[in-house]
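Being a predicted model, the structure only gives us computed values, none of them experimental. Below, each value reflects all heavy atoms present in this structure, side chains not excepted, and no hydrogens, waters or symmetry copies. Whatever order the structure lists them in is the order used to number ligands and atoms, beginning at 1.
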Amino acid sequence: MDEKQRISLNRAAELKETIAEYQHSLKGMPTGYGRWPEIQKNQEKMMKYFGATAAEWADWRWQLKNRIQTTEVLQEFLNLTPSEIEEIDRTGAHYRWAISPYYLSLMDPNDPGDPIRRQAVPQLFEYTDPYGESDPMGEAYTSPVPAITRRYPDRLIVNVTNQCAMYCRHCQRRRNIGEKDLATPREQIEEALRYIRDNKEIRDVLLTGGDGFMLSNKRIAWLLDELDSIPHVEIKRFGTRTPVTLPYRIDDELCDILSRHLPLYVNTHFNHPLEVTPAAREACLKLARAGVALGNQAVLLKGINNDPFVMRKLNQELLKIMVRPYYLFHPKRVKGTSHFYVRVEEGLEIMEKLRGFTSGLAIPTYLINAPHGYGKTPLLPTYLLGIGKDTVTIRTWENRVLRVDNREAEEGE
Ligand SMILES: *Cc1c(COP(=O)(O)O)cnc(C)c1O
């Protein structure tokens, strides 16, 4: 064996060691694929309760119609104590909740700390929360016409509906989630389209809400036709959590419509490896086959994914279903969500344990939202330690501190 190969083998052994702890952690970590047999059992039980066929179960309209919204039905599928039932009812009187049968089927019925359950089932803290504001990003002050939020020079959001398949307990726009599901009135959408038409610097339009895919296929086709008729709109994007909470929404007709309106990006919102199931995979692969580029916007949430290894696994699971991790949001100070807050140091630690340890493709940008709607602001562990006269000092993912030459080549050399 030559010297170079000996060094390479030593280095490989050293690298193997840096991943051992992660591999060990995977043994006890629940995932959507690992739990799938139990999830299927939960689904059978639910179909029996609702008297639904397998075809109905896989029909997104059936799923929406049969969303679970009372503790009376919820306790058929989760083991709830009387005090938990009271807690949900008390909170539910102030903050709406609704869970698609599919998303409920992902929960472990016996675990109050289940990461799926914590995202969907109300807790008393929401109602008693002394912290936060209803609109921490000041979206109400960045809305030039009713359905639009504009915080950037070349792109904006159109809020097309307030409806979602499931109302996340950590929702940043819970102020918009009223007692009723409301598609944005046609006149407001037309006003938004006029605004986009009149402002030629808008090249990127993000359709969200609520959930952009809660609109009917017909409405989506109309909206995309309208946007494609505006010459300066270069790309369209949807914000939707349906691949996670209602994967059956991604039907053939929708994919057909989307494929006729490329370039189109769909950003979704997976927060835990348990959400990456065979059903979610099918939905995402259908979108990918239609030519849609998929991204994920996760939110860092205490008790759900504030763990470097859970986050690493989540992002790796996403790549397997063609979803590219895009953003990791630091939790916003939204009233009713303080039980999910974590400190920035925790987010940085998670980022630190991604870079180098896994594919760059599996690494989202960690962001905090500036107050007053001043925009997404990236947060990064410090890798650039200093800039000297001729060199920069860097820190590698393994904490090696090294100097790199920073001079330009001299003219004529
Ligand atoms: C997040 C957001 C966008 C999109 O931002 P990107 O960084 O381009 O993904 C656009 N408009 C508003 C108001 C937003 O909050």
Parallel, tilted or perpendicular for Trp62 and Trp57, by the 30°/60° rule?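 Tilted, since the angle between the ring planes falls between 30° and 60°.
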
Pocket residues of ligand 1, ordered first by chain and then by residue number (heavy-atom cut-off under 4.0 Å):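 Within 4.0 Å of ligand 1, protein side: Thr149, Arg151, Tyr152, Arg155, Ile157, Leu206, Arg237, Tyr326, Tyr327, Lys376.
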
Compute the centroid of each ring, for Tyr102 and then for Tyr248, and state whether the two points are separated by less than 6.0 Å.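 Ring centres of Tyr248 and Tyr102 closer than 6.0 Å.
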
For a quick test of your reading: what N or O donor-acceptor pairs under 3.5 Å do the side chains of residues 285-295 make, sequence neighbours left out?
{"unit_1": "Lys286", "atom_1": "NZ", "unit_2": "Ile250", "atom_2": "O", "d": "3.2"}
{"unit_1": "Lys286", "atom_1": "NZ", "unit_2": "Asp252", "atom_2": "OD1", "d": "3.1"}

How far does OG1 of Thr71 sit from CG of Leu78, to the nearest 0.5 angstrom? 11.0 Å

Distance-only donor-acceptor pairs under 3.5 Å for side chains of residues 11-18, two or more places apart:
{"unit_1": "Arg11", "atom_1": "NH1", "unit_2": "Glu14", "atom_2": "OE1", "d": "2.6"}
{"unit_1": "Arg11", "atom_1": "NH1", "unit_2": "Glu398", "atom_2": "OE2", "d": "3.0"}
{"unit_1": "Arg11", "atom_1": "NH2", "unit_2": "Glu398", "atom_2": "OE1", "d": "2.7"}
{"unit_1": "Arg11", "atom_1": "NH2", "unit_2": "Glu398", "atom_2": "OE2", "d": "3.4"}
{"unit_1": "Glu14", "atom_1": "OE1", "unit_2": "Arg400", "atom_2": "NH2", "d": "3.3"}
{"unit_1": "Thr18", "atom_1": "OG1", "unit_2": "Leu15", "atom_2": "O", "d": "2.6"}

Residues in ring-ring contact (aromatic ring centres under 6.0 Å, His included) with Phe238, at least two apart? Phe213

